[in-house]
Amino acid sequence: KNLRIFDKKPYICESIYRSMRYICVIGLLFCLVFGYSQEQYKFRVWLTNKKDTAFSLEKPERILSSKALARRARYGIPIDSTDLPVSRRYVEQLKMAGFPVITRSKWLNTVVVSVSDSSWLYTLREFPFVREIELVWENTAVGGDFFVDTTVPIKKEEDMSSPYGAALWQISHLEGDRLHSAGFRGKGITIAVIDAGFLNVDRNPGIDKSRILGTRDFVEPNSDIYSVHNHGALVLSAMLGEIENVFCGTAPEADYWLLRSEDSNSEYPVEEDYWAAAAEFADSVGVDVINSSLGYFEFDDPLLNHSYKDFNGESAFISKAAKKAVEKGIIVVNSAGNEGRRPWRKIIFPSDVYGVLAVGAIDGEDVSSDFTGHGYTKNDTVKPDIVALGTQTALLGVGGEVVKADGTSFSAPVVAGLTACLRQALPHLSNKEIVDRIRKSATLYNRPDTLQGYGLPRFYKVYAQESTLLSQEHPGEKVCVVPAPEEILLLRDLPRSSHPYTIDIYSAYGVQLHRYFYENGELVIPLQSLPSGLYFILVMGDNFREIQKMIKK
């Protein structure tokens, strides 16, 4: 209004005043609509309990797929409260109060909510079911570099006449070619690839799209996972890619779920929440192996960084989630990280979890790659567990061309694919038993170090040793398996079980042929369809597992 004191051309001053007033009003509305109304913070909310989840343990088929339930039954893994979703009532109350729920974790009983102003935190604390609140994201991102790799086209003269082509060394060096030759290429096994994006995978001529069971994006649920980042596409190719005499992945016959948890636009702890949600989804659909070429320790806000005191396999949020995944029967393979020549130097979370198979990197001369993350953990757990080729790893580019790249991001899927093949070959072993045998097969098992852990794993050696044990006669004190003249098996006198026994018949090469269920009395299994040869009978019930050899003449 003071503009009116000017005597000259007062109408001009009045016009200026009105224009400025309108500009201020419009600016305020713009800030409200496009600024302050947008999410500025994300908080991880730890809940006190799971009241009113709308699900119960009496009907697990409502929360877990039949494949997931079969894995639990096969390896005697109980279904417990951590399998129940977070409280529906709590989620609804948060939403009604203006706290959109971005993601949630049933294993850890948490949700992540977004808010436009940090003052909302005081309201959030008033809910009686809120146990703890942590800041996990703020809208001041400066961008993150979550992997180190240099992708270059492979020279034509490096191509080989082998069916493996450019991938021959990285597979044969771990005896993967021998495992494939024995008939184990991942058939019947499901792998979840948790990553940053899978650019052009749906159009890549070197990827068998029929092997992809589905996709999920936990960062931007409505985005196209095939148009975001190429990192996951490169990782996937190390397992699924196949072009005859040009390239072959380590598990070309496995099935895959492609899950995005990494937000490459920033680096904040909320990505650990996305990872947990992806791992829980993988468990629910019955995944056997998770490959995670991701890891965390440093964030855009230094106050949120992890520290060495967290380096114990159970402190970081993502490590808690990975540990749960292992407890649920999943084999978790994670890259050790590329911090070897950076100030952190150590492996990254969740590779610090004992049950997680952390994979470091070596070059073509078996020398540790200088970027690979170092072990051990704070509680002296040997890390990384094993190593594979991570310097100039052969991969398929987004157009199907053969490329080479550096990073533990790529040594990990080489191992994950072969681990899936081993899971196919040795279905009677639990996930923890398979990981243990992989460690014991490695070249440095008796003298591990902080760069290569237990060294180079020998996958065919694991299969051969276990097959020798399987081929030995079992006394059969608890299980009676008798070939009858009518070409049937008579199964009887099993200890009582609260759940039906599963009886699986496998070929000598570990291929599952038939499944039957037994409750009590006598079970008659016809064998007329089986050709002559060696078979294994796997009988499993509550805290009971027995293997019998059968020879059909």
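Bear in mind the structure is a predicted one, so any value in this text is a computation, not a measurement.
If you run ring pair (Phe, Tyr, Trp, His ring centres under 6.0 Å) between Phe349 and each of Phe311, Trp275, Phe299, Tyr296, only Phe311 comes through.
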Query raised in the report: Can you check side-chain contact (heavy atoms from CB on, under 4.5 Å) on Thr190 and Val289, steps first, answer last?
Result: CA-CA 7 Å; Thr190 305; Val289 178; over 6 Å; no
Query raised in the report: So Tyr75 and Glu433, side-chain hydrogen bond (donor to acceptor under 3.5 Å, both in side chains) or not? Walk me through it.
Result: CA-CA 11 Å; Tyr75 303 112; Glu433 290 171 327; over 6 Å; no
Requested in this report: Evaluate the criterion salt bridge (Lys or Arg N to Asp or Glu O under 4.0 Å) for residue pair Lys67 and Asp288; output intermediate values, then yes/no.
Outcome: CA-CA 10 Å; Lys67 195 172 187 298; Asp288 301 289; 3.0 Å; yes
Query raised in the report: Run the side-chain contact (heavy atoms from CB on, under 4.5 Å) check on Thr372 and Asn338 step by step: do they pass?
Result: CA-CA 5 Å; Thr372 196; Asn338 306 322; over 6 Å; no
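Using a 4.0 Å cut-off between charged nitrogen and carboxylate oxygen, Arg437 and Glu466 count as a salt-bridge pair. Salt-bridge check for Lys432 with Asp436: failed, with every basic side-chain N at 4.0 Å or more from each acidic carboxylate O.
Residue pairs satisfying the salt bridge (Lys or Arg N to Asp or Glu O under 4.0 Å) criterion with at least one member in residues 307-320, sequence neighbours excluded, are listed as follows: Glu314-Lys323. Applying the salt bridge (Lys or Arg N to Asp or Glu O under 4.0 Å) test to pairs two or more places apart or on separate chains, those with a residue in residues 371-385 are Lys383-Asp385, Asp385-Arg439. The ring-ring contact (aromatic ring centres under 6.0 Å, His included) pairs that include a residue from residues 44-66 are Trp46-Phe317, where partners are two or more places apart or lie in different chains. Here salt bridge (Lys or Arg N to Asp or Glu O under 4.0 Å) pairs that include residues 220-239, with residues two or more places apart or in two chains, are Glu220-Arg260. Within the structure, every pair that satisfies the salt bridge (Lys or Arg N to Asp or Glu O under 4.0 Å) test and touches residues 271-284, not counting sequence neighbours, is listed here: Arg44-Asp273, Arg71-Asp283, Arg72-Asp283.
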Name every donor-acceptor pair, under 3.5 Å, that has one atom in a side chain of residues 87-100 and the other anywhere in the protein, sequence neighbours excluded.
from	atom 1	to	atom 2	distance (Å)
Ser87	OG	Lys51	O	2.4
Ser87	OG	Arg89	N	3.3
Ser87	OG	Tyr90	N	3.2
Tyr90	OH	Asn49	OD1	2.5

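Scanning for ring-ring contact (aromatic ring centres under 6.0 Å, His included) contacts around Trp107 gives an empty result, with sequence neighbours left out. With sequence neighbours excluded, the residues forming a ring-ring contact (aromatic ring centres under 6.0 Å, His included) with Tyr454 are Tyr445, listed by chain and number. Under the side chain to side chain donor-acceptor pair (under 3.5 Å) criterion, Tyr376 pairs with no residue, sequence neighbours left out. Residues passing the ring-ring contact (aromatic ring centres under 6.0 Å, His included) test with Tyr354, sequence neighbours excluded: none. Annotation: side chain to side chain donor-acceptor pair (under 3.5 Å) contacts of Arg104 (sequence neighbours excluded): none. By the ring-ring contact (aromatic ring centres under 6.0 Å, His included) test, Tyr274 is found to be paired with no residue, residues two or more places apart in sequence or in another chain being considered.
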